[in-house]
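The structure appears below as structure tokens.
Counting from 1, the numbers follow the sequence of the chain as shown. No hydrogens, no waters, no symmetry mates; every other heavy atom, side chains included, goes into these values.
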Amino acid sequence: MRSLSLSEAAAFLHLHPVTLAEKARGGVIKGAKVGRRWVFLEVDLVTHLDALYYGRQQATVSGPMRKEKIWPFTNARIHP
């Protein structure tokens with residue numbers, strides 16, 4: 001299990017070190033304050049990124065996987 005310093009973890013996440021420290025202080029990203037320094041486990045950073053990646057819809061579905069609307073008008077009335 002690899003540990004990273006604040007600057008290494010910030011580079012890994014593509015964040016500014018001050019931003020990462022704020023997120024760690026707020027509990028958004030796991031980290032431990034050892035003495036005067038922040039320490040992050042690489043596995044926790046990967047888990048954080050994984051949650052961001054899978055927590056959002058990545059792309060609009062197009063092509064054969066896309067479901068077409070049966071009736072394109074939402075205000076149409078159907079008479080019996």
Side-chain angles (χ1 to χ4, degrees):
M1 191 175 320
R2 185 172 169 225
S3 64
L4 299 129
S5 67
L6 178 65
S7 59
E8 291 170 329
F12 181 81
L13 294 174
H14 300 281
L15 293 174
H16 192 277
V18 173
T19 303
L20 178 56
E22 289 172 358
K23 288 181 181 279
R25 249 184 249 107
V28 177
I29 296 176
K30 279 184 162 184
K33 193 92 185 264
V34 180
R36 301 175 97 188
R37 298 176 189 254
W38 281 100
V39 178
F40 300 88
L41 295 179
E42 187 176 39
V43 67
D44 291 334
L45 301 179
V46 170
T47 301
H48 175 74
L49 285 177
D50 192 48
L52 292 176
Y53 184 82
Y54 289 108
R56 298 183 186 170
Q57 184 177 355
Q58 291 298 307
T60 304
V61 177
S62 63
M65 296 299 289
R66 183 177 180 181
K67 291 183 181 179
E68 295 295 329
K69 290 183 179 178
I70 296 171
W71 190 255
F73 305 103
T74 58
N75 62 348
R77 292 185 187 170
I78 299 174
H79 296 284

So, for [X] and [Y], which heavy atoms are closest and what is the spacing to 0.1 Å?
| X | Y | result |
| --- | --- | --- |
| Ala9 | Leu45 | CB-CD1, 3.6 Å |
| Phe40 | Lys30 | CD2-O, 3.1 Å |
| Leu4 | Leu41 | CD1-C, 4.5 Å |
| Leu20 | Ala10 | CD2-N, 3.4 Å |
| Ser3 | Val39 | CB-CG1, 3.9 Å |
| Phe12 | Glu42 | CE1-OE2, 3.9 Å |

Item to check | Value rounded to 0.5 Å, distance of CE in Met1 from CG in Asp44 | outcome: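 Interatomic distance, Met1 CE to Asp44 CG, rounded to 0.5 Å: 8.0 Å.
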Checklist entry - Got a second to check how far Arg25's CZ is from Trp38's CH2, nearest 0.5 Å? => result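 It comes to 6.5 Å.
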Next on the checklist: With clusters defined by side-chain heavy atoms of hydrophobic residues (ILVMFWY) lying less than 4.5 Å apart, directly or transitively, does Leu49 cluster with Val46?
Outcome noted: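 Yes, same cluster.
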Item to check | Check: His48 and Val28 side chains under 4.5 Å, non-hydrogen atoms | outcome: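 Yes, side chains in contact.
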Checklist entry - How about Lys23 and Leu15: do any of their side-chain heavy atoms sit closer than 4.5 Å? => result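 Yes, close enough: below the 4.5 Å cut-off.
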